[in-house]
There are 2 protein chains.
Amino acid sequence: MTMVRNTRQRQAVVQALRETHTHPDAAWIHGQVRATLPSISLGTVYRTLDALVRDGVVMTIERAGQATRYDYKHEGHGHHHVVCRTCGAIYDIPAEAVPMPASGLPQGFQVQDVRLEYHGVCTDCTRAEKRG
Amino acid sequence: MTMVRNTRQRQAVVQALRETHTHPDAAWIHGQVRATLPSISLGTVYRTLDALVRDGVVMTIERAGQATRYDYKHEGHGHHHVVCRTCGAIYDIPAEAVPMPASGLPQGFQVQDVRLEYHGVCTDCTRAEKRG
DNA sequence: GTTCTTGCAAATGTTTTGCAGCCCG
DNA sequence: CGGGCTGCAAAACATTTGCAAGAAC
């Protein structure tokens with residue numbers, strides 16, 4: 001029987017995620033965690049984040065060619081994400097009405113995560129585009 | 001002034017996307033398009049897909065470490081996506097109620113694309129997991 | 001003690017990019 | 001003709017993985 005161990009590394013990663021609201025990526029988290037655990041490897045950070053995602057504790061914002069951004073699911077603060085295609089900035093929108101899994105899901109599909117994302121261009125980047 | 005050219009490569013990529021409902025990735029599209037344009041490069045396919053996404057003609061399903069999947073936006077067939085974390089299968093759900101950009105968007109943010117995705121595990125993969 | 005986890009480093013795979021030549025408009 | 005497009009090949013990166021040593025329980 002498998003069992004999940006409560007290692008120092010895991011604690012540190014969770015703590016780093018809880019303490020920020022910046023939707024950090026794995027490298028940033030690695031940097032933070034190094035402050036208390038100088039020898040932790042980036043690979044371990046990735047493996048830990050993966051476990052946290054599978055456990056449903058953390059969610060991700062994923063973009064091709066860009067580092068995945070991680071977001072700790074604070075209780076009672078459901079929200080959606082606004083993503084700037086140009087600079088990668090991520091904003092939160094409070095989840096007024098969380099869209100429940102519609103009927104029409106494939107037979108027996110186990111939903112673990114509902115993501116609502118608004119992709120576009122933020123004000124700053126729009127301005128920059130106009131300037132050419 | 002920039003201008004978008006209607007090249008043979010672009011036509012072929014659009015056609016390949018229109019003809020399938022399988023949410024293909026760039027490599028698959030490249031293979032298809034080679035049938036009529038044997039010398040087209042994968043780089044061009046990527047550049048073309050990028051342009052189509054920016055034009056709002058095509059949308060993407062992006063997963064870290066996985067090839068991006070592309071989806072032609074057929075008119076009058078708005079839908080959302082169900083994504084299996086394990087095998088990567090993608091299913092469509094008809095967009096009964098498309099979630100409109102909620103109030104609370106950042107000042108001046110230009111929304112280009114609204115994505116609603118249900119991530120989880122499909123029936124087959126759930127079965128496989130149980131077997132161990 | 002046994003089993004899961006870590007660190008390290010190498011490998012994998014996707015996407016991007018520089019550049020010279022080509023082609024659309 | 002001129003400026004965007006293309007093909008090619010070489011990066012650039014994010015993420016994954018194999019393995020021996022270390023840490024949980």
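Predicted, not measured: the structure shown is a model, and the values here were computed from it. Below, read A as the first sequence line, B as the second, and so on, with proteins coming before strands; counting in each chain starts at 1.
At a threshold of 4.0 angstrom between heavy atoms, the contacts of A:Asn6 are confined to the sugar-phosphate backbone, with no base atom among them.
Ranked by how close their nearest DNA chain D nucleotide is to the 5' end, B:Gly43 and B:Ala64 are led by B:Gly43. Mapping A:Thr68 and B:Ile40 onto DNA chain D by nearest heavy atom places B:Ile40 at the nucleotide closer to the 5' end. Between B:Arg8 and B:Asp50, the residue whose closest nucleotide on DNA chain C is further toward the 5' end is B:Asp50.
Between the CG atom of B:Leu52 and the P atom of D:dC5 there is a distance of 12 Å, given to the nearest Å. Taking atom CD of residue B:Gln11 and atom C1' of nucleotide C:dG25, one finds them 14 Å apart after rounding to whole Å. A:Leu37 has its CG atom 16 Å from the P atom of C:dT5, to the nearest Å. As a whole-Å value, the separation of A:Trp28 CH2 from D:dA14 P is 17 Å. Atom CD1 of B:Ile61 and atom P of C:dT14 are 16 Å apart (whole Å). Here the P atom of nucleotide C:dT16 and the CZ atom of A:Arg63 are 10 Å apart, to the nearest Å. As a whole-Å value, the separation of A:Ile29 CD1 from D:dA14 C1' is 14 Å. Atom CG of B:Leu42 and atom C1' of C:dT15 are 9 Å apart (whole Å).
A donor and an acceptor atom, one from each side chain of A:Gln11 and A:Gln15, are nowhere located under 3.5 Å apart.
Using a 4.5 Å cut-off on side-chain heavy atoms (C-beta onward), A:Ile90 and A:Arg69 make contact.
Here D:dT15 is the nucleotide among D:dT15, D:dT6, C:dG7 with the atom lying nearest to any side-chain atom of A:Tyr46. Checking D:dC5, D:dT15, C:dT15 against the side-chain heavy atoms of B:Thr7 singles out D:dC5 as nearest. Side-chain proximity of A:Gln9 to C:dG7, C:dG25, D:dG7: nearest is C:dG7. Relative to the side chain of A:Arg5, the nucleotides D:dC8, C:dT14, C:dT5 differ in distance, and C:dT5 lies closest.
Looking at A:Asp55 and A:Arg10, a side-chain N of the basic residue comes within less than 4.0 Å of a carboxylate O on the acidic one, giving a salt bridge. In summary, B:Asp50 and B:Arg47 do not engage in a salt bridge, as defined by a charged side-chain N under 4.0 Å from a carboxylate O. A salt bridge links B:Arg115 to B:Glu62: at least one charged side-chain nitrogen sits closer than 4.0 Å to a carboxylate oxygen.
Checked by distance alone, B:Arg47 brings no side-chain donor or acceptor within 3.5 Å of a matching partner on the base of D:dG4.
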